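All values reported here derive from a predicted model rather than from experimental measurement. Each chain gets a letter, A, B and so on, in the order its sequence line appears, and its residues count up from 1.
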2 protein chains.
Amino acid sequence: MSYSIAEAARRSGLSIDTLRYYERIDLLEPPARDAAGRRAYSDEDLAWLTFLTRLRTTGMPIRRMREYAKLRRRGLASAGRRKAILVEQRGAVAERIAELQACLEVLDYKIDNYDRIEKGDAALTREASA
Amino acid sequence: MSYSIAEAARRSGLSIDTLRYYERIDLLEPPARDAAGRRAYSDEDLAWLTFLTRLRTTGMPIRRMREYAKLRRRGLASAGRRKAILVEQRGAVAERIAELQACLEVLDYKIDNYDRIEKGDAALTREASA
DNA sequence: AGTTGACCTGGAGCGCGCTCCAGGTCGTAC
DNA sequence: GTACGACCTGGAGCGCGCTCCAGGTCAACT
C-alpha cells in the first residue's frame with residue numbers, strides 16, 4: 001500500500017508540514033513519488049514514522065533521532081550503536097518518570113492543603129499563599 | 001535570611017539570568033533590595049522558586065505558572081482557582097507518566113531485538129533496519 | 001476550457017524559555 | 001585612588017520544533 005501525504009499525516013498524527021520537514025532534515029528517507037511527482041508513503045515509511053513519534057514522546061531531541069536515522073541507513077553494522085542510543089534513552093525515560101512521580105507527590109500535598117482550606121482550616125492560611 | 005542573586009541561583013538551581021527573567025515576566029514578586037539596590041531574596045522567595053521549578057518539571061508552560069502566580073497575589077480568595085490549576089496539572093502529569101511507560105515498553109522491545117541480533121539471530125535482520 | 005483542490009518547492013516566521021551582551025553603578029581590597 | 005568583581009538595566013539573540021506562506025504544477029470534474 002502507498003499513501004498520499006494527507007493520508008500519511010492522518011495515520012501518523014503528524015501534520016503535512018511536519019512530514020515534509022522531517023524529510024528535509026533527514027529524519028525520514030524521501031518517500032517514493034507517484035507519476036505526478038507527489039509523495040507516496042509506504043507502510044514501512046509509516047512504521048518508521050510511528051517509531052519516530054514514540055521517540056519524540058520520550059523527549060528525544062531531533063538531533064539524536066537524526067543520528068539514529070543516519071545509523072539505520074548504514075544497515076546492520078550500526079545495530080550496536082543504535083541499541084546504545086535506545087538504552088540511553090530508556091534510562092532517560094525511567095529518570096523522567098521518577099521525576100514526575102516526585103512532582104506528583106508535591107502536587108498531591110498542595111492539593112490536599114487546598115482541600116483543607118476549603119473546609120475552613122484557618123491554620124493553613126499561610127500555606128495557602130505559597 | 002536573605003540571599004544575593006548568586007546565592008539564590010545556586011540554591012534554586014536556576015541561572016542568575018533566569019531569576020531576573022522570571023521577575024520580569026511576573027513569575028516572581030520583585031524581591032527586596034539591599035542598600036546598594038541589589039536583589040535580596042528571602043526564604044519565602046526561595047520556597048516559591050522551588051515550587052516553580054517543580055511546576056516546570058511537570059511541564060507546565062510558563063503562561064500557566066504566571067496565571068497561578070497572579071492568583072496567588074490575590075490571596076486566599078483565589079485558592080479555589082489555584083487548586084483547580086494544580087488538579088488539572090496532576091492529571092496532565094499522570095497522563096504523561098502513562099505515556100512514558102508505554103514508550104518504555106516499546107524501547108524495551110526494540111532493545112530486546114537488538115540483543116537477539118547481537119547473538120546472531122539472522123531472522124531479525126529486517127527488524128534491525130526498523 | 002475553466003475551475004477546483006491536492007500537492008509541490010524554497011524560504012520566512014513563530015512561540016517558547018531562556019541566554020547573552022553592552023554599558024553602567026557600587027562596595028571592598030590593595 | 002584605583003582595580004576588581006558582583007551586581008544592575010534594557011534589549012538583542014538563540015536553539016528548538018515546527019508552521020505558514022507565495023507562487024507554481026498537475027489531474028479530475030463540470
*B:Asp45 side chain to B:Ser42 main-chain N or O, any donor-acceptor pair under 3.5 Å?*
yes
*Heavy atoms, side chains only, cut-off 4.5 Å: are A:Tyr68 and A:Leu52 in contact?*
no
*Look up atom CG in B:Leu49 and atom OH in B:Tyr41, then write down how far apart they are to the nearest 0.5 Å.*
7.5 Å
*Considering only heavy atoms, which members of residues 53-62 of chain B lie under 4.0 Å from some atom of DNA chain C?*
B:Arg56, B:Pro61, B:Ile62
_Candidate pair B:Glu67 and B:Lys70, rule salt bridge (charged side-chain N to carboxylate O under 4.0 Å, His left out), full reasoning_ = CA-CA 5 Å; B:Glu67 200 182 328; B:Lys70 196 176 161 190; over 6 Å; no
_Beyond-backbone contact of A:Met60 with A:Ile85, side-chain heavy atoms, under 4.5 angstrom_ = yes
*Of all nucleotides in DNA chain C with an atom under 4.0 Å from a non-hydrogen atom of chain B, which is the first and which the last going 5' to 3'?*
C:dC16 to C:dG27
Extract from the structure each pairing of a protein N or O with an N or O of nucleotides 27-30 of chain D at less than 3.5 Å, listing the distance.
none

For residues 25-40 of chain A, run the donor-acceptor check on the side chains, cut-off 3.5 Å, and write out each pair with its distance to 0.1 Å, sequence neighbours left out.
| residue | atom | partner | partner atom | Å |
| --- | --- | --- | --- | --- |
| A:Glu29 | OE2 | A:Arg73 | NE | 2.6 |
| A:Arg33 | NH1 | A:Gly37 | O | 2.8 |
| A:Asp34 | OD1 | A:Ala36 | N | 2.8 |
| A:Asp34 | OD1 | A:Gly37 | N | 3.0 |
| A:Asp34 | OD1 | A:Arg38 | N | 2.8 |
| A:Arg39 | NE | A:Glu23 | OE1 | 2.6 |

*Can you name the side-chain hydrogen bond (donor to acceptor under 3.5 Å, both in side chains) partners of A:Asp17, sequence neighbours left out?*
none
*Mark yes or no for whether A:Ser78, through its side chain, and A:Arg81, through its backbone, hold a donor-acceptor pair below 3.5 Å.*
no
*asked:* Testing the 3.5 Å rule here: is there a donor-acceptor pair between the side chains of A:Gln89 and A:Thr58?
replied: yes
*Could you walk me through whether A:Asp112 and A:Arg116 pass the salt bridge (charged side-chain N to carboxylate O under 4.0 Å, His left out) check?*
CA-CA 6 Å; A:Asp112 201 51; A:Arg116 288 183 209 181; 2.7 Å; yes
*Between B:Met65 and A:Ile5, which has a closest nucleotide on DNA chain C that is more 5'?*
A:Ile5
*Within 6.0 Å of CZ in A:Arg54, more than 12 heavy atoms from elsewhere*: no
_If you take any heavy atom closer than 4.0 Å to DNA chain C, which residues from residues 20-29 of chain B end up in contact?_
B:Tyr21, B:Tyr22, B:Arg24
*asked:* Does any part of the side chain of A:Thr57, heavy atoms only, come nearer than 4.5 Å to the side chain of B:Arg96, both counted from C-beta?
replied: yes
